[in-house]
Number of protein chains: 4
Amino acid sequence: MTQLETPPAAPKLGRKRDHTRDAEILDAALDVLADTGYAGMTVDMVAARAKAGKATLYRRWASKSELVIDAVACMKQIDPDFSKLPDTGSLRGDLVAMIKAPSIAEGERKMRVFAGVMSMISDAPELTESIHAAIVEPRMAVNRFLLQRAIDRGEIRADADVETLALISQAMVSYRVLMLREPVTRDFLVSVIDGVIIPAVRK
Amino acid sequence: MTQLETPPAAPKLGRKRDHTRDAEILDAALDVLADTGYAGMTVDMVAARAKAGKATLYRRWASKSELVIDAVACMKQIDPDFSKLPDTGSLRGDLVAMIKAPSIAEGERKMRVFAGVMSMISDAPELTESIHAAIVEPRMAVNRFLLQRAIDRGEIRADADVETLALISQAMVSYRVLMLREPVTRDFLVSVIDGVIIPAVRK
Amino acid sequence: MTQLETPPAAPKLGRKRDHTRDAEILDAALDVLADTGYAGMTVDMVAARAKAGKATLYRRWASKSELVIDAVACMKQIDPDFSKLPDTGSLRGDLVAMIKAPSIAEGERKMRVFAGVMSMISDAPELTESIHAAIVEPRMAVNRFLLQRAIDRGEIRADADVETLALISQAMVSYRVLMLREPVTRDFLVSVIDGVIIPAVRK
Amino acid sequence: MTQLETPPAAPKLGRKRDHTRDAEILDAALDVLADTGYAGMTVDMVAARAKAGKATLYRRWASKSELVIDAVACMKQIDPDFSKLPDTGSLRGDLVAMIKAPSIAEGERKMRVFAGVMSMISDAPELTESIHAAIVEPRMAVNRFLLQRAIDRGEIRADADVETLALISQAMVSYRVLMLREPVTRDFLVSVIDGVIIPAVRK
DNA sequence: CGATAAACGAGACGGTACGTCGCGTCTTCTG
DNA sequence: CAGAAGACGCGACGTACCGTCTCGTTTATCG
């Protein structure tokens, strides 16, 4: 996340910042992003669509890039609560169950937004860490957790390269969206699971 | 490719366009792209490095993006001559041998170009074709060939998902370059081979 | 009560245009104009000297020429207070005394601006009005006044062509500056007075 | 004049320069000059109107300014042959007779061209000498000659400032054309003669 | 008479300034 | 004070023009 928690000793003088605007602005940003892409998007467009002033945006986010990062990050979070993850008893079952989560293949706008946010990365090298933390790491953590659970119960090889394997599906999805511009279908994700991950970890 | 076709009724008067400049300009563009990324690249930089006037660039390409698209499309291709590929007798040996091939060393610039150019893919869907064709597909073809050879000699599972596996290293490299912004080291590539590909195809 | 004459539909929202910048920019323009002439002057030079952005200039003036026209029109005028003019008792004394007036010394820049700006007069007929009003007419008025005073006291011919004579020194100065590109020295001005004006009006 | 004498050791090989094009090009230049002014005039326009290549122009004149100078200089020369000057027996008669020469007030195009060429001066300080020699000096020489003849026959003061007086009508005409943008009428010229020159030289 | 060398129309070339537009900041006014 | 509106400094974009160079062609003189 880019903007953070209220300062501990805020004297809260004057008018309070209207945080209901945050969501409206972020949603306007996503609209513009989906319509025009990151490069075509201008801060004035977002402000105009949100009926907000530019200063209001910059009071909340330091730059266009951070606004977009936050917009994407807040789009839909993978639930970070491991206790709510599916537990089907098999690694393959778990992974396939994750596919149904709306976080991956949710719709046209989301995919265009994802492409849009990727296109921003090289503009703002200093922000890749934020993007990684906000978008990638949560999903990797889930994969890591599921793999480790499978190791713990003796289902898969103990020496599986968890770190690399956890990365694979993210890398494959990104690649498909960005380069091949094909939708991330269930079949595609299953083929990654069945063609790569499961074979690689079987004993 | 962006500009091409011979005009049908060209009386071809006046000084001819110097097409040797095309390659020099495109090469200068790739240099700048690798150095600064797409956003940091300016048309004046490219013109200066190519010792050309800006008008000369705009006579050939309608915009900065079209210049970049063409530059990527015209990047030197990996030699598709399969007969020159290493043949160590084992799939792992072949894959590791590929790492040392100049495609990696010389591919350094290519990868930086790749990273630099990502910031415009959402604006220019046709760019992805260029990138795919120039950077990704040649390497996938090599992987496909090596995997198939290993299947043919019975070294690995006959039902290995060659297409998906051939994609993996490219996807992982892309991801590392774009998202993680870490160099593509030999160790990283070996960990992909030993942690994913080889385990996934062993009988 | 204060704003009864507000523009009909001007809601005057947003930051007000800082009209103190107008004068600073115009003065910078005159400096550059005096230094380099109209052709040598670039909008970036003016912006840099005024520590302003180019867009700020173009928000106020539609083009380089309009900026220059305004700059000339807004040049400080010669003080039209005839009571402060020298009164030496003779026309020749008055005219020579005018030479020492700061209108010449301080008028150095003015003349260089004048020279600089000539290169655009054929494009901008309205510029000639500005030049005439700002540079020429004030001095002609002084000449006219001094000549008439000399007539009134019977010093010179009553039928002297005041209008034409008042124009002469300005025309000669213009010619010297523009065509001969020689500095407007005291000796030159004295030679106009003694070689033309005084002989022409003597009884 | 800008370009001139044949190189002494010209081997005169190859195709001869077609000097009939000179006049056509200069005339085209005058047309464009009258239409658009010096600043609005482009070398390509002149070349196109003359159905000539740009190189053909630059083979003859070193720059746009020199082309224009030549065009104006060749427009209509004051006859430099003093023996053909009018000799009416009086200075005033001579000067008035000169007015009828077509060189001064000849028409709308000529005046616009004159304004156009004046507007060029500050762009090319190094060319003022040429302009002076081509346009101004010939007319001054006539004035000088007429004044000196009047002195020699004892008609006017022997100590008249010939140099300054010779300049006056040029300066006044220039001023009227450039600054006042009024046509150079016969009445105007007569008023200069009768209001300034003649009074200034009478004994 | 054919070779040769220069001039020709056309237009691409390297440069430079123009006028536009976007980012991120600052200023004004309203609630 | 926060918020909407929009001007500000900055800097890159894409265009137009200058003066040069290179095409392929035409024309005059020389061998």
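Order of the sequence lines fixes the chain letters, A, B, ..., with proteins taken first and strands second; residue numbering starts at 1 for each chain.
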Specify the separation, in whole Å, of atom [atom1] of [X] and atom [atom2] of [N].
X        : N       : atom1 : atom2 : answer
Arg21(D) : dT27(F) : CZ    : P     : 13 Å
Arg49(D) : dA10(E) : CZ    : C1'   : 19 Å
Leu67(C) : dG19(E) : CG    : C1'   : 13 Å
Asp18(D) : dA6(E)  : CG    : P     : 18 Å
Lys64(C) : dT16(E) : NZ    : C1'   : 12 Å
Asp44(D) : dC18(F) : CG    : P     : 6 Å
Tyr38(A) : dG22(E) : OH    : P     : 14 Å
His19(D) : dT27(F) : NE2   : P     : 17 Å

Checklist line | Arg17(B) and Arg60(B): CA distance, side-chain angles, deciding distance, side chain to side chain contact (heavy atoms under 4.5 Å, CB included) verdict | finding: CA-CA 9 Å; Arg17(B) 187 170 292 179; Arg60(B) 289 163 162 79; 3.4 Å; yes

Check: Near DNA chain E, under 4.0 Å by heavy atom, which residues of residues 50-60 of chain C?
Finding: Lys54(C), Ala55(C), Tyr58(C)

Checklist line | Rounded distance (nearest 0.5 Å) linking atom OG1 of Thr20(B) with atom CD of Glu24(B) | finding: 5.0 Å

Item checked: CE-CG distance between Met75(C) and Asp27(C), expressed to the nearest 0.5 angstrom -> 11.0 Å

Notebook entry, point to check: Can you tell which of dC13(F), dC18(F), dA10(E) lies closest to the side chain of Leu13(B)?
Noted result: dA10(E)

Next item on the list: Choose from dG14(F), dG19(F), dG24(F) the nucleotide whose nearest atom is closest to any side-chain atom of Lys16(B).
Entry: dG24(F)

Next item on the list: Report yes or no: is there a donor-acceptor pair, N or O only, under 3.5 Å between the side chain of Arg15(D) and the base of dA6(E)?
Entry: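 Checked by distance alone, the answer is no.
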
Check: At their closest point, which heavy atom of Ile25(A) faces which heavy atom of Val46(A), and how far apart are they?
Finding: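 Smallest heavy-atom distance, with atoms named: O-CG1, 3.9 Å.
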
Is the shortest side-chain heavy-atom distance between [X] and [Y] below 4.5 Å?
X        : Y        : result
Asp35(A) : Met45(A) : no
Leu67(B) : Leu26(B) : yes
Asp70(A) : Asp22(A) : no

Notebook entry, point to check: What nucleic acid atoms does Met41(D) come within less than 4.0 Å of, heavy atoms only: base, sugar-phosphate, or nothing?
Noted result: sugar-phosphate

